[in-house]
Asks: 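So that we are looking at the same thing, I have put the structure below in structure tokens.
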2 protein chains.
Amino acid sequence: MVDHSQLTEAEYLAQYNVQDFDAPLCTVDVVPFRFHNHRLQVLTCLRHQHPAKEQWALPGGFIDISQDDNLDTTAQRKLAAKIGTEAPYLEQVQTVGNQQRDPRGWSITVVYYALFPGSAANQVLLPDTRWLTLQGNTVGQLLAFDHNQLISVALERLQNKVQYTSLPVYLLPECFTLADISDVFLAILGKTPPMRSIRNRFLNEDLLEDTGEKRYGSNRPATLYRLKKTAVAQFYNRLYHTTQ
Amino acid sequence: MVDHSQLTEAEYLAQYNVQDFDAPLCTVDVVPFRFHNHRLQVLTCLRHQHPAKEQWALPGGFIDISQDDNLDTTAQRKLAAKIGTEAPYLEQVQTVGNQQRDPRGWSITVVYYALFPGSAANQVLLPDTRWLTLQGNTVGQLLAFDHNQLISVALERLQNKVQYTSLPVYLLPECFTLADISDVFLAILGKTPPMRSIRNRFLNEDLLEDTGEKRYGSNRPATLYRLKKTAVAQFYNRLYHTTQ
DNA sequence: TAAATAGTGTCTATGAGACAATATCCG
DNA sequence: CGGATATTGTCTCATAGACACTATTTA
């Protein structure tokens, strides 16, 4: 190897080769959540290449250093390749790295999660792409690599975050009722805060607007709301007690 | 390149070479905070190698795939190399990756922050290692790479987190007063919650114990507390209003 | 005793939560 | 009307926060 103690930075960079060093593999994986039939689901794809060939895995893969501006771009590109629509909510959760998680050797993955509206239900899926229903902390089947654990990590973040944000609305279609929000809490946390508390929080000036429409059943019809055009994710400064 | 569509996974792995692909550089950087002389400070080190030679930088560097079990290990090793003692609190914040942050090309860094007790003040530092005082969102001098921004990212997380956790105690020496906690809030947030609120929160069964000692000044002496041996980081379920 | 900071008592504000009461639909 | 779910009213509880008051030291 070159002795570069005497080089200028330009000379150093000219002789520098990334591949001279043992580096970990580096990927981005996204946990795409949706709320469908009163359950939380995660999108997975069947792998056609080694390793973990013919196993189901989260959307994700290598950073394309010639195309991707930054890690968020990579995450969005991986999502776009599997779901046509852009995620209304995308957030980086954690980076996991160790020797064991990939048979090719030491690897790290930057884990994101994305929230999709339930209406993503109607969308045509690519072949070999499936929404798997959450059971407990992860999906009910064994996924490639450590992807079951990555789902747990993302879910845990989501569980914490719905306690003090307006995130549940990103899992709902354009129009929804307050009872729908309650159902989202139930799917994510296994419990739901009292409707009184949900109403107090979600029916504020900046978040929702009454569509004027109602959802009819064999009972009093429920008001349908939609996200205000100007709405952004809101943060509240207390947690619910009843969901802990 | 080999056509590996027909290979077994074992055959695939045998011929797989990490370096066949354009991968980003991959590092871990730690923002070590301490509270000293009523200010928040960050430990930095003078670089002796290219790139950014002779510039001050955060402790950090490449993952050692032959030594490090996981990313937390890498962070702890990088810290240990610069500060003898282990960090009482270490947390992964975010992973930043883009083309611009390192002159060698596309690179990612997993950012951690660590909290050290003010008594780390007394400790002997390695040469070319300095605690820099925070000014605004970062330190007052230009650091290597995007390290000023990484400090901002870590600080922002710390600012959020002190609002609903017991983290301030990890920046204090073994024995401290409630006024010291207030000073930590001031250093981190620029404001401090009312002493009444600090007392209500921090003087609970599980966190602190009275040492029996007092700190004397030209006034009523203050009770000195210490962390209970069994204490872990606590989470509260409201934010302060006065510090927002 | 005065200055200064530590610590307590108490009332208010906010928002979660329990729960009863009322509203509005369908069949 | 009766069943069912939506929505509102109201009281309680926990805790942040304002603020006055008391406590304990040094000079």
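Residue numbers begin at 1 in each chain, while the letters A, B, ... track the order of the sequences. Please read all numbers here as calculations on a predicted model, not as lab measurements.
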Asks: Can you name the residues that form a salt bridge (charged side-chain N to carboxylate O under 4.0 Å, His left out) with A:Glu174, not counting sequence neighbours?
Replies: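 Here the qualifying residues are A:Arg226.
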
Asks: For A:Asp146, check salt bridge (charged side-chain N to carboxylate O under 4.0 Å, His left out) against everything at least two apart and list the hits.
Replies: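 Salt bridge (charged side-chain N to carboxylate O under 4.0 Å, His left out) list for A:Asp146, sorted by chain: A:Arg101.
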
Asks: So A:Arg201, base contact, sugar-phosphate only, or nothing? Heavy-atom distance under 4.0 Å.
Replies: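 Sugar-phosphate: the residue A:Arg201, judged by heavy atoms under 4.0 Å, touches backbone atoms but no base.
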
Asks: For A:Ile151, run the side chain to side chain contact (heavy atoms under 4.5 Å, CB included) check against A:Leu143, A:Asn137, A:Val111 and tell me which one passes.
Replies: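 When A:Leu143, A:Asn137, A:Val111 are each tested with A:Ile151, the side chain to side chain contact (heavy atoms under 4.5 Å, CB included) holds only for A:Leu143.
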
Asks: When you list every nucleotide of DNA chain D with an atom under 4.0 Å from a heavy atom of chain A, which one comes first 5' to 3', and which comes last?
Replies: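 Taking any atom under 4.0 Å from a heavy atom of chain A, the span is D:dG3 to D:dT10.
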
Asks: Indicate yes or no for a side-chain donor-acceptor contact from A:Lys161 to the backbone of A:Glu156 under 3.5 Å, with no hydrogens or angles considered.
Replies: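 Not confirmed, A:Lys161 side chain does not pair with A:Glu156 backbone.
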
Asks: Identify, with sequence neighbours excluded, every residue that meets salt bridge (charged side-chain N to carboxylate O under 4.0 Å, His left out) alongside B:Arg157.
Replies: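 B:Glu91.
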
Asks: Starting at atom OH of B:Tyr240, determine the distance to atom P of C:dG15, rounded to an integer number of angstrom.
Replies: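 Rounding to the nearest Å, OH of B:Tyr240 and P of C:dG15 are 18 Å apart.
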
Asks: Could you list the residues that satisfy ring pair (Phe, Tyr, Trp, His ring centres under 6.0 Å) with A:Tyr236, not counting sequence neighbours?
Replies: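 A:Tyr236 satisfies ring pair (Phe, Tyr, Trp, His ring centres under 6.0 Å) with no other residue.
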
Asks: Tell me, please, which residues at least two apart from A:Tyr240 pass ring pair (Phe, Tyr, Trp, His ring centres under 6.0 Å).
Replies: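 With sequence neighbours excluded, A:Tyr240 shows a ring pair (Phe, Tyr, Trp, His ring centres under 6.0 Å) to A:Phe185, given in chain and number order.
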
Asks: How long is the line joining CZ of B:Arg199 and P of C:dT5, in whole Å?
Replies: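 Rounded to the whole Å, the gap is 15 Å.
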
Asks: Under the salt bridge (charged side-chain N to carboxylate O under 4.0 Å, His left out) rule, collect the residues that match up with A:Arg77, sequence neighbours excluded.
Replies: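 Checked A:Arg77 against salt bridge (charged side-chain N to carboxylate O under 4.0 Å, His left out); matches are A:Asp68.
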
Asks: Going by side-chain hydrogen bond (donor to acceptor under 3.5 Å, both in side chains), name the residues that satisfy it together with B:Thr129, two or more places apart in sequence or in a different chain.
Replies: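 Partners of B:Thr129 by the side-chain hydrogen bond (donor to acceptor under 3.5 Å, both in side chains) criterion come out as none, since no residue qualifies.
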
Asks: With distance as the sole criterion, is a donor-acceptor pair present between the side chains of B:Thr109 and B:Asp29 under 3.5 Å?
Replies: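 Yes, because at least one side-chain N or O of B:Thr109 sits under 3.5 Å from a partner of the opposite role on B:Asp29.
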
Asks: Below 4.0 angstrom, which residues in residues 159-193 of chain A have at least one non-hydrogen atom near DNA chain D?
Replies: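 Within this stretch, A:Ala179 sit under 4.0 Å of the strand.
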
Asks: Mind checking what makes side-chain hydrogen bond (donor to acceptor under 3.5 Å, both in side chains) contact with B:Ser182, not counting sequence neighbours?
Replies: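 Expected list: B:Thr192.
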
Asks: Measure the distance from CE on A:Met195 to P on C:dG17 and round it to the nearest whole Å.
Replies: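 Value for this atom pair: 13 Å.
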
Asks: Regarding B:Ser197 and B:Asn200, is there a side-chain donor-to-acceptor distance under 3.5 Å anywhere?
Replies: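 There is no such pair between these side chains.
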
Asks: Angle between the end axes of the helix from C:dT1-D:dA27 to C:dG27-D:dC1, five pairs per end, to the nearest 10 degrees?
Replies: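 Inter-axis angle at the termini of the helix from C:dT1-D:dA27 to C:dG27-D:dC1: 10°.
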
Asks: Tell me the interatomic distance from B:Ile198, atom CD1, to C:dT5, atom P, rounded to whole angstroms.
Replies: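 B:Ile198 atom CD1 is separated from C:dT5 atom P by 16 Å.
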
Asks: Output one letter per nucleotide in nucleotides 18-27 of chain C: B when a protein non-hydrogen atom lies under 4.0 Å from the base, S when only the sugar-phosphate is that close, - when neither is.
Replies: BB---BBBS-

Asks: Any donor-acceptor pair under 3.5 Å linking the side-chain atoms of B:Lys191 with those of B:Thr242?
Replies: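 No.
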
Asks: Rounding to an integer number of Å, can you tell me how far A:Gln234 CD sits from C:dG15 P?
Replies: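 Spelled out: CD on A:Gln234 to P on C:dG15 is 12 Å.
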
